[in-house]
Number of protein chains: 2
Amino acid sequence: MAVIAGAWAPNVIWHLRAGPRRFNELRLDIPPISAKVLSQRLRELEGRGVIRRTIQPTTPPSVEYSLTPLGTELLPALDAIVEVGHKLKARNRMDDHPQG
Amino acid sequence: MAVIAGAWAPNVIWHLRAGPRRFNELRLDIPPISAKVLSQRLRELEGRGVIRRTIQPTTPPSVEYSLTPLGTELLPALDAIVEVGHKLKARNRMDDHPQG
DNA sequence: CCGTATCCGTTTGGATACTG
DNA sequence: CAGTATCCAAACGGATACGG
């Protein structure tokens, strides 16, 4: 499970699902994340082979992060967990307010 | 993701996949887990609706933990994550030892 | 724009001892 | 057997300041 460990790691993976994103784009995608933590997570996920870091030779240069093929395999799993979470929340609301 | 948060939570879920287990059985299933943490995780997972706690009126009485239907839905997701982890480990070994 | 370094409060989990 | 209470060290993440 270490592969998705750390605060915001699943969010980072999730926001890369549609294609490459830059550092500051990810910061805006995941509002309350700090630069420090985003940087840490990106480096960890890169070290584990979940994401790839690419420096684009544009003017000005920019850095892009994207999922590796293996990283992409995590998406359905994260989806499934989130969906169970939603069902659980709905059920717990019903327990508290039986008319819901 | 809070649904699987906390140390050993995925292991607890995993070891309930084949049916109910008792407290001390889970302790032995997950060797380095402490009673305190196992107790905490069981209580959290129960509170979230992932597992169910049942007191068996046997002699002596025993306590059994089992997955709820929603908890069972987490198994394929955990499987998928673990499998990606295995592939990642294999790939990283190859990177370090190109003949592997 | 893309980060890193430092400080610092909070949370976590382990060890141990104890209870019904 | 099935936990709970307490103490403690380590890890974590946030805020801030700073560098390439």
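Every chain is numbered from 1 and lettered A, B, ... according to where its sequence line falls, protein lines coming before strand lines.
Separating the CZ atom of B:Arg21 from the C1' atom of D:dA2 is a distance of 16 Å, rounded to the nearest angstrom.
Not one N or O on the side chain of B:Ser66 forms a donor-acceptor pair closer than 3.5 Å with the backbone of B:Gly19. The backbone N or O of A:Arg93 sits nowhere less than 3.5 Å from a side-chain atom of A:His97 that would complete a donor-acceptor pair.
Residues in residues 72-85 of chain A take part in these side-chain hydrogen bond (donor to acceptor under 3.5 Å, both in side chains) pairs, two or more places apart or across chains: A:Glu73-B:Lys87. Residue pairs meeting the side-chain hydrogen bond (donor to acceptor under 3.5 Å, both in side chains) criterion with at least one partner in residues 46-58 of chain B, sequence neighbours excluded, are B:Arg53-B:Tyr65, B:Gln56-B:Glu64. The list of side-chain hydrogen bond (donor to acceptor under 3.5 Å, both in side chains) pairs with a residue in residues 16-34 of chain A, not counting sequence neighbours, reads A:Arg21-A:Asp29.
Of all heavy-atom pairs spanning A:Ala9 and A:Arg41, the tightest one is CB-CD, 3.8 Å. When every heavy atom of A:Ala35 is checked against every heavy atom of A:Phe23, the shortest pair comes out as O-CZ, 3.8 Å. Scanning all heavy atoms of the two residues, the minimum distance from B:Val84 to A:Leu70 falls at CG1-O, 3.8 Å.
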Where do N or O atoms of nucleotides 18-20 of chain D meet protein N or O atoms at under 3.5 Å, pair by pair?
none

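Inter-residue side-chain proximity for A:Ile81 and B:Ile81 is flagged as met; some heavy-atom pair is nearer than 4.5 Å. Contact annotation: the side chain of B:Leu42 approaches that of B:Leu26 to within less than 4.5 Å [non-hydrogen atoms, C-beta and beyond].
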Quick one: what's the B/S/- string for nucleotides 2-15 of chain C, heavy-atom cutoff under 4.0 Å, read 5' to 3'?
-> SSS-BB-----BBB
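For the helix from C:dC1-D:dG20 to C:dG20-D:dC1, the rotation axes defined at the first and last 5 base pairs enclose an angle of 50°, given to the nearest 10°.
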